[in-house]
Amino acid sequence: MSFEAKKQQSIQFLQTFFIQLRALHVDRLERKWIALSLGIIGLFVGIITLDALFHGVNPPSKVETIDSARLHLSQEFAENNLGVQVDDRGQIVIRMVAGRYSFFPKQIEVPAETPLTFRWVSMDVLHGVHIPMTNMSTMIVPGYVAEVHTTFPKPGDYPLLCNEYCGLGHNHMWSNVSVIAKEDWQAPVLASVKKGANNE
Amino acid sequence: MENMSEEDRQRILESTPIGTFALMSIVIGGMVIAWLFLYYGVFLPRG
């Protein structure tokens, strides 16, 4: 069948469909319920969309790659460079590695009510990480660095949970983060901070 | 109910279902309020 013939057939089908749809009897009360249901959905979607627009919320667009098989040889994600650090501009950066079946380092301490930057890499398979009662949640895809900017409002002990099936031990894959009051937190002292290219 | 005349029956059948609208408003209003509370009170404060 030629393209024009298929196009005409599709138009004919759509016209027949909408004629039959308009001919359907829908009770007045049911119409009201449908209208209200659609109205509520529209209201919720509208609120979320407007909030996202005004607060600059959008999917991350930065694509940063890394060799997941050679993390230990990279400058940024070598074992002695993981954990909580304060960079030259005073920003707190947390570098973590996800691997079956834990997050490394297994215990970290961060301050509350302070902007934090998490940089996640995977050393094996696809993982997801979520800290309950916060908005720190991201997929960790092998070969890429996942960066999340967040702030923890309340001090306390939170688990870091894996929320993407990664193997038989997935349900045991978790570690801890202690959120400490801003005035009580002390920046960790490290010998040197390596934040250079991560794909060396 | 057994002593209802045909006129009364027709009047009731053709009248506006006020009870249904009241129930509809309560349910939908409650759902919207609950959603707004969870969104602005719980979700957004978590960052």
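Every chain is numbered from 1, with letters handed out A, B, ... down the list of sequences. What you are looking at is a predicted structure, and each value in this text was computed from that prediction instead of being measured.
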Asker: Set out, in order, the CA-CA distance, both residues' side-chain angles and the distance that settles side chain to side chain contact (heavy atoms under 4.5 Å, CB included) for Met136(A) and Val177(A), then state yes or no.
Answerer: CA-CA 12 Å; Met136(A) 213 321 291; Val177(A) 55; over 6 Å; no
Asker: May I have a table of the donor-acceptor pairs connecting chain B and chain A at distances under 3.5 Å?
Answerer:
| residue | atom | partner | partner atom | Å |
| --- | --- | --- | --- | --- |
| Tyr39(B) | OH | Asp51(A) | OD2 | 3.1 |
| Tyr40(B) | OH | Asp51(A) | OD2 | 3.2 |
| Arg46(B) | O | Asn135(A) | N | 3.4 |
| Gly47(B) | O | Asn135(A) | ND2 | 2.4 |

Asker: Under 4.5 Å from any heavy atom of chain B, what part of Leu43(A) do you find: side chain, backbone, both or neither?
Answerer: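 Interface part for Leu43(A): side chain.
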Asker: If I measure from the heavy atoms of chain A, does Pro45(B) come under 4.5 Å with its side chain, its backbone, both, or neither?
Answerer: backbone
Asker: Between Ile180(A) and Pro111(A), is any pair of side-chain heavy atoms under 4.5 Å apart?
Answerer: no
Asker: I need the Met173(A) CE to Leu161(A) CG distance, nearest 0.5 Å.
Answerer: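 The CG atom of Leu161(A) is 10.0 Å from CE of Met173(A), to the nearest 0.5 Å.
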Asker: Quick check for you: to the nearest 0.5 Å, what is the distance between Phe77(A) atom CZ and Phe104(A) atom CZ?
Answerer: 14.5 Å
Asker: Are more than 12 heavy atoms from other residues, nucleotides or ligands located less than 6.0 Å from atom CD1 of Ile18(B)?
Answerer: no
Asker: Taking side chain as everything from C-beta outward and backbone as N, CA, C, O, which of these in Phe152(A) sits under 4.5 Å from a heavy atom of chain B? Side chain, backbone, both or neither.
Answerer: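 Phe152(A) has no heavy atom closer than 4.5 Å to chain B.
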Asker: So how far is it from Leu29(A) CG to Ile34(A) CD1, rounded to the nearest 0.5 Å?
Answerer: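 Spacing of CG (Leu29(A)) from CD1 (Ile34(A)) equals 10.5 Å.
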Asker: Under a 4.5 Å heavy-atom cut-off, does chain A meet the side chain of Phe43(B), its backbone, both or neither?
Answerer: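 Neither; nothing under 4.5 Å.
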Asker: Answer yes or no: is there a side-chain heavy-atom contact under 4.5 Å between Pro159(A) and Ile131(A)?
Answerer: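 No. Closest side-chain heavy atoms not under 4.5 Å.
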Asker: Do the non-hydrogen side-chain atoms of Val84(A) and Ile92(A) ever get within less than 4.5 Å of each other?
Answerer: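 Counting from C-beta outward, Val84(A) and Ile92(A) do come under 4.5 Å.
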